[in-house]
Amino acid sequence: MRLGIPKETSSGEHRVALVPETLGRLGDGVAVTVEAGAGDAAGFPDAAYREAGAEIGDPWDADVVAKVATPTADEAGRLHSGQVLIAFLQPLTDAEGVERLTALGVHAFALESIPRITRAQPMDALSSQATVAGYKAALIAADRLPRFLPMLMTAAGTIPPAKVLVLGAGVAGLQAIATARRLGAVVSSFDVRPAVREQVESLGATFLDVGVSGEETEGGYARELSPEQQAAQQAALQAQIPSFDAVITTAAIPGRRAPKLITADAVRAMRPGSVIVDLAAESGGNCELTVPGSEIVEDGITIVGITNIPSTMPTHASQLLSRNVASLLALFTRDGELVLDWDDEIVAGACVTRGEVNV
Ligand code: NAD
């Protein structure tokens with residue numbers, strides 16, 4: 001079986017789907033072709049891939065093509081019927097891209113659609129990339145704040161610790177809490193899923209009570225709040241937000257626009273110099289004033305809406321993603337041959353388009 005690793009072409013995408021280290025984990029019988037320069041932006045030169053046993057060449061003709069971002073129309077044009085494609089295909093929001101892959105007859109597997117069951121944890125690319133995003137969000141908040149995070153006792157007097165609020169305590173939020181705590185901030189957090197209170201507290205943060213609690217789906221995700229609950233949440237947060245120096249927001253409902261948690265009025269109630277890092281910017285943002293893809297200052301409050309934050313730490317983001325891809329691939333191969341077991345819950349769950357040629 002041949003695995004192809006293209007160079008990412010979307011602007012700002014510095015990750016690569018497979019790093020040289022992972023080649024040794026793919027097992028005998030899997031040959032790898034990497035496009036020239038595919039790992040450059042993540043710190044993995046062609047020479048490192050060659051040394052690990054890969055060939056540098058055209059990856060698009062391989063039996064399985066693994067990449068990070070969903071293929072552009074041009075890239076999709078290089079795929080053919082019966083091929084397997086693995087990528088972040090945005091199946092809930094990119095209907096056009098999925099239709100294109102259906103028409104081509106490829107077996108397309110979306111990293112986002114891998115069922116979040118225990119057996120699939122090593123393949124869980126949403127979690128690995130959210131870990132990177134949460135960590136980096138805390139660093140961005142620390143960097144943009146005009147003050148220290150930890151309490152400092154100096155000869156010039158005592159500096160109190162910064163207060164950080166993390167909204168949404170899923171994978172990214174919990175990592176942001178842990179990172180802000182390591183930097184010495186006093187951290188509070190809120191999530192609509194009451195079950196996360198214990199996880200928040202185990203990281204040394206306080207669970208903020210905003211008087212709203214939502215339901216959880218079978219997959220562990222939050223259900224969208226009713227308009228009344230959303231309004232109550234916004235009002236409660238508006239009252240509490242002025243006491244925080246930084247707010248990191250990560251709230252998401254899969255396939256939906258991000259819930260608006262912070263209104264423009266709530267932003268204006270914050271102290272000048274405060275910072276909001278909106279990790280939900282890609283799906284519209286948790287803050288009404290977030291400009292996706294940009295960082296703005298509004299009435300002295302910095303609002304960071306940078307998108308694709310995992311790509312700003314491409315070495316480790318790629319390394320984790322690469323292990324996720326290798327684990328998924330292990331499920332697709334028997335003795336070096338491509339075998340798709342459609343009765344397997346993970347194979348069936350991750351598949352978004354199924355080609356005509358049976359594998
Ligand atoms: P996500 O990125 O979809 O959402 C982030 C967080 O936002 C979630 O915790 C959600 O509850 C919260 N949220 C949604 N609306 C909100 C609102 N209005 N206010 C405040 N918070 C709001 O979620 P995620 O981080 O990808 O994962 C969510 C859950 O999935 C995890 O907590 C976990 O239970 C489950 N999960 C399971 C596995 C596994 O078993 N393999 C792996 C990873 C995650």
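Both counts, for ligands and for their atoms, begin at 1 and track the order of listing. Quick note: residue numbers are just sequence positions, from 1.
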Open item on the list: Using a plain distance cutoff, I'd like to know if Q233 has any nitrogen or oxygen under 3.5 Å from a nitrogen or oxygen of ligand 1.
Closed with: yes

Open item on the list: Closer than 4.0 Å to some heavy atom of G168 - which atoms of ligand 1 meet that?
Closed with: 7 (O), 21 (N)

Task: L126 heavy atom under 4.0 Å from ligand 1 - done: no

Open item on the list: Please report whether ligand 1 has a polar contact with V171, defined as an N or O pair separated by less than 3.5 Å (distance criterion only).
Closed with: yes

Task: Atoms of ligand 1, numbered as shown, that sit under 4.0 Å from any heavy atom of I253 - done: 14 (C), 15 (N)

- [ ] Decide yes or no on salt bridge (Lys or Arg N to Asp or Glu O under 4.0 Å) for R78 and D58, but give the supporting numbers first.
- [x] CA-CA 10 Å; R78 303 179 69 177; D58 178 5; 3.5 Å; yes

TODO: For L225, take its heavy atoms, then give the atoms of ligand 1 lying under 4.0 Å from any of them.
DONE: 18 (N)

Open item on the list: Please determine whether a side-chain nitrogen of the Lys or Arg among D299 and R268 lies less than 4.0 Å from a carboxylate oxygen of the Asp or Glu.
Closed with: yes

TODO: Determine, using heavy atoms of A130 and all atoms of ligand 1, whether some pair is separated by less than 4.0 Å.
DONE: no

Task: Presence of salt bridge, D245 and R271, under 4.0 angstrom - done: yes

Task: Contact atoms of ligand 1, heavy-atom distance to D124 under 4.0 Å - done: 42 (C), 43 (C)

- [ ] Check if A120 has a non-hydrogen atom at a distance under 4.0 Å from any atom of ligand 1.
- [x] no

Open item on the list: I'd like to know if K7 and D40 make a salt bridge, using a cut-off of under 4.0 Å between side-chain N and carboxylate O.
Closed with: no

Task: Heavy-atom donor-acceptor pair, Q129 side chain to P310 backbone, under 3.5 Å - done: no

- [ ] State the atoms of ligand 1, each with its element, that fall below the 4.0 Å cut-off from a heavy-atom position in L261.
- [x] 17 (C), 18 (N), 19 (N)

Task: N324 side chain to S128 side chain, donor-acceptor N/O pair below 3.5 angstrom - done: yes

- [ ] Give a yes/no verdict on whether any heavy atom in L167 is under 4.0 Å from an atom of ligand 1.
- [x] no

Task: Expected output: side-chain D278 to main-chain C287 donor-acceptor under 3.5 Å - done: yes

- [ ] For E8 and V68, indicate whether the former's side chain and the latter's backbone hold a donor-acceptor pair under 3.5 Å.
- [x] yes

TODO: Check whether any N or O atom of S127, backbone or side chain, sits under 3.5 Å from an N or O atom of ligand 1, and answer yes or no.
DONE: no

Open item on the list: Closer than 4.0 angstrom, basic N to acidic O: yes or no for R119 and D344?
Closed with: yes

- [ ] State the atoms of ligand 1, each with its element, that fall below the 4.0 Å cut-off from a heavy-atom position in A222.
- [x] 10 (C), 11 (O), 14 (C)

Open item on the list: Does any part of the side chain of T263, heavy atoms only, come nearer than 4.5 Å to the side chain of Q238, both counted from C-beta?
Closed with: yes

TODO: Ignoring angles and geometry beyond distance, decide whether T118 reaches within less than 3.5 Å of ligand 1 through its nitrogen or oxygen atoms.
DONE: no

Open item on the list: Within the 4.0 Å heavy-atom shell around G170, which atoms of ligand 1 are there?
Closed with: 6 (C), 9 (O), 25 (O)

Open item on the list: Polar contacts were defined as any N/O atom of the residue lying under 3.5 Å from an N/O atom of the ligand; does this apply to F190 and ligand 1?
Closed with: no

